[in-house]
Structures are given as C-alpha cells and as structure tokens.
Amino acid sequence: MASLTITPGRPLQGTISVPGDKSITHRAIIMTALANGVSSVVQYCRGEDCLNTMRAFQTLGIRIDESAEELRVYGKGLWGLTEPSGPIDCGNSGTGIRLLTGLLAGQDFFTVLTGDESIRRRPMGRIVKPLREMGATIAGRKGGELAPLAVMGSRLRAISYTSPVASAQIKSALLLAALFAEGTTSVTEPRLSRDHTERLFRFFSIALRREGSTLLIDGQPSVGWSAAPRLVVPGDFSAAAFFIVGATIVPGSDVTIQQVGINPTRTGLLDVMTRMGADIQLLNQREEAGEPIADIRVRSARLRGVAVGPDLIPQTIDEFPILCVAAAVAEGQTIVSGAEELRVKESDRIATMSAELRAMGAQITENPDGMVVRGLGTTEDNGRLQGVHGRSHGDHRVAMSLAIAGLTAWTPTLIDETACIETSFPTFHHTLLELLTGRG
Ligand code: S3P
C-alpha cells in the first residue's frame, strides 16, 4: 500500500507547473469525441480519472492516440459513438460517471457505467431523476440512486430543470443530454457552479444562452461542430491550491505556479486566503480555450481565521480540505457553513479532515454543514501541528492536504493510502520535493 513521508523544516521555493485541469480535461475529451474531425488536447490531466474517461471513449468507438504531451481525438460527430461490448469503469471519478450518464442517455444503444468502491457509494439520483424526466431509461442499485447504472439509450425530450444543488456535474450531465433531446432544455441552479462546460460549448460555437441563473440550449444541432486543432488545457487551480496554501503557511516560502486556470467559478480559495492575510499575486494574466489563466506567486504570510458562508461554497468546493489546513494554523477562528456537499465527495470531507487534523493537534468542531476551526496561531504551539501517522481515507485531496499540513509539524508525518493521489495529480510528490529542495 502506497504511503508518503513528509519531513518538515524547509521552505517551499521555486517555479513549478501543475497538471492540466481535471474538470476541463474530462470535458475536452467529451467535446472533441463528438466533434467532426481530429482534435489535439494538450497539457491535459494525466490523472487516472481523466484516463478512465479517455478509455471510456475508446470503448465507445472513438480512436484516441495518447502521448504524454497530447491526446489526439478522432471525433466522429454528434451521433458517432457506438455500443461498448462491456461495462465502462469510471474509476474514482464523479465527473466521469455523471457526465457520461447524461451523454449516453440519448444514444441508441445500451451502456453500463460503474466505478470504484467510493463511486458506488456516491449519489447518482441527482442526475438520474432529471434524466428520467427527459425520457431516459436508467436502472441502478437502490432505484437508480447508486452505481452501477444501466443506461438504455432512449429518445429524449427537453425539460426545464431547477437543480436543488449548485453542481457542475448535474448541470453538465443535463447539458450533454440536452444536445440529443428534442426541444429547448433549460437548467437553473441555485448558485453558479463551475462553468467549464458552458465555456467549452462556446469555444466549439454551440449555441447556449444564459438568462440570469438559467441556461438554455436547443437540442440536436443539425451540423455539429468542428474539431479543435489545438485545445490547451489550463493548469488545475485545485492542484495549485496545495502549493498556494503550502507556500503561505511554511515560513520563508516563495513559490510561482505557472499557467494556472483562474476561472472565477473555481478560485474562491484566493478570495478566502486573501481575506485571511495571504500574499498572493496573479501575474501575466491571459486566456486559453476560453478560460482565464495566470501565473500565481505566493509568499509566506501569517493568517487569521475568517467566516466562509454559503455564497462562497461552489467556487471553493474542492479546496476545503486544504483550506482546513490553512485554518488550523491561522490565528483565530474559521467558520465554514453551508458546505454539506462536502459530505458526498470522494470521502465525507468534513469528517475525514476533522478526524485527521485533530490527530495532528488541530482544534476542529464538526457541524452537519461545515466546521469551526480554532487556529493554533495564537497558542503556545504557534501555528505548528504535530507529525502523526495519518491516512487519506482513499481521498486524493485529503492525502495531499495532509502532506501540506505535515510541512508545518514539528516531526515527520506518515500518510497511508496515498495511491489515490494518482487520480488527479500523479506528480504531486515530485513537485513538492522540487520546491522543498529549491530545484523548482
Ligand atoms: C466537478 C464538479 C464538482 C467538483 C468535482 C468536479 C466537475 O462536483 O467537486 O471535483 O468537473 O464538474 P459537483 O458538481 O458535485 O459539485
């Protein structure tokens, strides 16, 4: 079983890159597979989650040539997918299974979608219910609440759906299904979730209208869309987040992370960290594939606790594990509320982060929808945690957050079950070592 040992005592210094954005890579594979012609997706995320989506499309009859630099996707047009001969394994990826279910609901063939033990525990009813309203025929465990899901492709009709949760996976599953439905589908969400699908639709010139918090899309475009000769995936802000917090909380650090996506639906952590007192600069701002990007420079700073309420949850959702680490060493109290979605991620992140950081000496009280973290910054521990033997609970973001927490401890930290880091950031340890040895 893989594990990681973190030896504290050195600052993080240097310039690094992070993997391509995981959310955008999934979507880039989907959209180029449905395009007419050959696309190149460069700087894509080579994490297991995205590779599983790539393999899914290969089994759906799409040729994809994979190299470390690019994916060459031989798109066959809107109706070019073919029935796979076996179940599709989405591994650990909620985005993979939910977006594929939406896409496959309107095909004229049968598919079974499944994933690892964590995926088979996560809620699927949130997409199955609206897709069934569109006419989809989907079966699954617990009446379709849990994977494996069996999707009997059907003729779909447009619906108007108001989602009870701000979720880009729900929104995107419905937008993909809507491409194959008759009529105009509308999707409304309570707060804006990450908008990568909308941006990629526009990048491929697919007509999508926004009216307030509602998206409208006409189904069955007659000609489809052209391939992208070069679709450059921005660096993943959620991967950069570990080093943004790491550089802030380890004294003497100065880190620049190049070419990171700074889509405002993703960068809540920047707002929160800036309010906490972090020293973060966005340099060289530009655009790639309809997404804003920048180089992010971070120098260490003392942090103070803040309140993070429901308004900031969607754009910070994947960064709460690492934000908990920042809060644990800040001065004063950080209160997170309205974040009950954290309980249905790769692990129950309120429970797993509370348990693991408490073992390291942090003071955390769990609430059903968040937590209260009393930072160590003003205690005699002066912002330092204790090195422990922790575990990831199979959650990649918990594993990497604990590694960063370990950098602020007095003694080494050993983290068990770290193979899950492969799902999003296979080069995490290497990049961390580069910064710790000043070779970045
Ligand atoms: C994602 C959406 C978010 C996020 C996940 C990736 C996506 O999930 O937590 O890591 O790529 O659409 P929800 O849509 O469930 O909030």
Side-chain angles (χ1 to χ4, degrees), residues 19-31 44-45 47-50 52-53 90-103 115 118-119 121-130 147 161 163-177 187-201 215 233-234 236-242 261 263 265-269 291 310 312-323 338-350 352-353 369 394-401 420-421 423-425:
D21 188 278
K22 181 154 78 76
S23 288
I24 298 175
T25 301
H26 285 294
R27 289 159 170 83
I29 295 169
I30 295 172
M31 298 308 290
Y44 68 101
C45 175
E48 268 302 312
D49 279 8
C50 296
N52 278 321
T53 291
C90 299
N92 190 245
S93 178
T95 304
I97 194 167
R98 293 194 179 109
L99 270 55
L100 278 170
T101 304
L103 172 67
S118 150
I119 273 298
R121 275 196 313 259
R122 294 180 65 187
M124 296 297 147
R126 51 179 56 197
I127 52 153
V128 168
K129 181 177 159 288
Y161 187 68
S163 173
V165 251
S167 157
Q169 293 177 0
I170 298 175
K171 173 173 65 178
S172 304
L174 296 182
L175 290 177
L176 289 168
V187 185
T188 306
E189 52 183 348
R191 290 197 169 80
L192 181 62
S193 62
R194 64 190 64 191
D195 64 356
H196 304 305
T197 304
E198 296 93 300
R199 285 175 189 257
L200 263 191
F201 273 27
L215 290 166
V233 179
D236 197 326
F237 182 82
S238 297
F242 300 106
N263 179 322
T265 62
R266 292 286 296 282
T267 53
L269 180 79
E291 294 276 348
L312 264 170
I313 304 303
Q315 60 271 46
T316 319
I317 191 72
D318 288 345
E319 280 58 76
F320 279 101
I322 192 63
L323 184 58
E340 52 281 332
E341 275 292 298
L342 291 176
R343 295 210 179 265
V344 290
K345 294 294 176 190
E346 286 84 330
S347 68
D348 173 344
R349 287 181 175 158
I350 295 177
T352 50
M353 284 309 296
D369 69 336
D395 185 330
H396 57 131
R397 299 200 201 284
V398 172
M400 290 184 275
S401 299
C420 52
I421 293 175
T423 60
S424 66
F425 197 165

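We're numbering straight along the sequence, starting at 1. Both counts, for ligands and for their atoms, begin at 1 and track the order of listing.
Put simply, the side chain of Glu189 does not reach to within 4.5 Å of the side chain of Pro314, judged on heavy atoms. Considering only heavy atoms from C-beta on, Arg126 stays 4.5 Å or farther from Gln169 through its side chain.
When atom types are taken as modelled, the side chain of Thr197 and the backbone of Ser172 share no donor-acceptor pair closer than 3.5 angstrom.
Lys22 pairs by the salt bridge (charged side-chain N to carboxylate O under 4.0 Å, His left out) definition with Asp49, not counting sequence neighbours.
Annotation: ligand 1 has protein neighbours Ser23, Arg27, Thr95, Ser167, Ala168, Gln169, Arg194, Ile317, Asp318, Lys345, each with a heavy atom less than 4.0 angstrom from the ligand.
Salt-bridge check for Asp318 with Arg194: passed, with a basic side-chain N closer than 4.0 Å to an acidic carboxylate O. For Lys345 and Asp395, the salt-bridge test fails: no basic side-chain N is under 4.0 Å from an acidic carboxylate O.
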